[in-house]
2 protein chains.
Amino acid sequence: MPDTGLDWEERLKEYLSANDLRLTRQRRLIAEAFFESEGHPNIDELYLRVRRRAPHIGQATVYRTLRLLVDSGLAASSRFGGAATRYEASDDDHHHDHMICISCGLITEFSNDAIERLQDEVARAHGFEMRSHKMELYGLCRACVERGPATS
Amino acid sequence: MPDTGLDWEERLKEYLSANDLRLTRQRRLIAEAFFESEGHPNIDELYLRVRRRAPHIGQATVYRTLRLLVDSGLAASSRFGGAATRYEASDDDHHHDHMICISCGLITEFSNDAIERLQDEVARAHGFEMRSHKMELYGLCRACVERGPATS
DNA sequence: CTGCATGCAAAAAATTTGCATGAGG
DNA sequence: CCTCATGCAAATTTTTTGCATGCAG
């Protein structure tokens with residue numbers, strides 16, 4: 001795996017040309033901001049980040065571009081709790097799920113092949129053709145547990 | 001199990017009095033409509049249903065009451081895909097998850113103890129104190145698979 | 001050049017909140 | 001009676017859309 005994690009640009013170009021779409025300055029900037037981001041940014045965070053470099057960009061363009069990234073398979077979206085949609089780069093070969101701390105908001109990723117297999121099995125048993133899935137564990141992260149039943 | 005599934009009223013009363021809240025006509029009506037409902041109603045559906053019996057009721061009251069039901073543990077909420085929040089009666093002794101058909105919207109429930117156990121295990125391994133979890137499989141239900149790759 | 005993309009603002013959709021009035025306990 | 005609850009409408013929040021103009025190919 002010689003990859004440094006920077007081939008999203010290639011993949012994006014492929015998707016765009018395959019669909020008669022254009023690689024614009026703002027699409028590149030937004031994608032850049034997205035793939036540079038740690039964690040699970042939401043539209044607001046990406047918008048602010050992109051704006052620093054391109055003050056003229058519109059929020060709608062960020063929404064439109066993130067939808068495009070999701071459609072192309074380069075990004076995945078999730079909504080944790082009731083908050084705004086968050087995005088992350090999708091890793092085709094290794095799906096992962098999330099643990100969300102209900103106290104501090106920390107989002108931790110994990111993956112478990114045994115669970116994945118069981119999910120496939122359950123789906124198959126129902127004649128269901130699974131395309132994707134999503135699993136979220138809510139609770140207290142280690143730090144918040146140790147900090148004890150904090151006064152809210 | 002002699003229960004006919006009608007003790008929600010008791011449980012609701014308990015929760016209310018324990019929290020200095022009142023059992024109003026509209027709270028009873030909304031809870032009734034909710035527990036009568038099949039499947040996974042959203043606010044709009046509940047609002048329309050309650051309105052038939054109490055034309056004067058406000059949508060905000062439905063929102064407020066459903067939040068109350070969730071807080072009391074009598075109901076659980078989920079957001080499937082990007083749609084409006086849906087609610088269901090919570091079954092304390094048997095958690096279940098959902099399969100959502102991306103073609104026809106059918107929501108099927110399932111539960112799998114092995115998965116639940118693995119979830120606990122994963123959480124524990126991360127020092128995470130799990131309080132609740134949520135798992136959704138997206139894909140095509142049996143009927144939609146059989147119907148074949150419909151022309152959208 | 002030609003059509004897709006952008007920016008801006010307005011529109012939608014979902015949910016929450018403020019406030020005067022109503023009604024449980 | 002006294003407070004909490006309700007109805008209504010306005011406010012919020014998140015996301016989408018319409019349209020004139022811009023720019024990639």
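Side chains are part of it too, since the values below use all heavy atoms of this structure and drop only hydrogens, waters and symmetry mates. Note on naming: letters A, B, ... go to the chains in the order of the sequence lines (proteins, then strands), and numbering restarts at 1 for each one. The shown structure was predicted, so the numbers you read here are calculated from the model rather than taken from an experiment.
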If the condition is side chain to side chain contact (heavy atoms under 4.5 Å, CB included), which residues does [X] pass it with, not counting sequence neighbours?
{"X": "B/Glu45", "value": "B/Pro41, B/Asn42, B/Arg86"}
{"X": "A/Gln119", "value": "A/Ile115, A/Glu116, A/Met130, A/His133, A/Met135, B/Ile115, B/Met135, B/Leu137"}
{"X": "A/Glu109", "value": "A/His40, A/Glu88, A/His96, A/His98"}

Any side-chain N or O of [X] below 4.0 angstrom from OP1/OP2 of [N]?
{"X": "B/Arg27", "N": "D/dA5", "answer": "yes"}
{"X": "B/His56", "N": "C/dG22", "answer": "no"}
{"X": "B/Gln26", "N": "C/dG24", "answer": "no"}
{"X": "B/Thr24", "N": "D/dC4", "answer": "no"}
{"X": "B/Thr61", "N": "D/dG7", "answer": "yes"}

Ordered by number, residues from residues 15-22 of chain B within less than 4.0 Å of DNA chain C (heavy atoms) are B/Arg22
Please give me every residue in residues 68-78 of chain A whose heavy atoms get under 4.0 Å of an atom in DNA chain C, ordered by residue number.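 Close to the strand, none.
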Atom CZ of B/Arg28 and atom P of D/dT6 are separated, to the nearest Å, by 12 Å
Angle separating the five-pair end axes of the helix from C/dC1-D/dG25 to C/dG25-D/dC1, nearest 10°, is 40°
Heavy-atom closest pair (B/Phe34 atom, B/Ala89 atom, distance to 0.1 Å) is CZ-N, 3.3 Å
Interface polar pairs with nucleotides 10-13 of chain C, N/O, under 3.5 angstrom:
none

Note to self: Is there a path of hydrophobic side-chain contacts, each under 4.5 Å between heavy atoms of I/L/V/M/F/W/Y residues, joining B/Ile107 to B/Ile43?
What the structure shows: no
Protein-proximity profile, nucleotides 11-17 of chain D, B/S/- by nucleotide at the 4.0 Å heavy-atom cutoff, equals ---SBBB
Could you list the residues that satisfy side chain to side chain donor-acceptor pair (under 3.5 Å) with [X], not counting sequence neighbours?
{"X": "B/Arg51", "value": "B/Tyr47"}
{"X": "B/Asp92", "value": "B/Arg11"}
{"X": "B/Arg117", "value": "none"}
{"X": "B/Glu36", "value": "B/Arg49, B/Arg53"}

Check your understanding: Are the side chain of A/Ser90 and the backbone N or O of A/Gly73 linked by a donor-acceptor pair below 3.5 Å?
Key -> yes
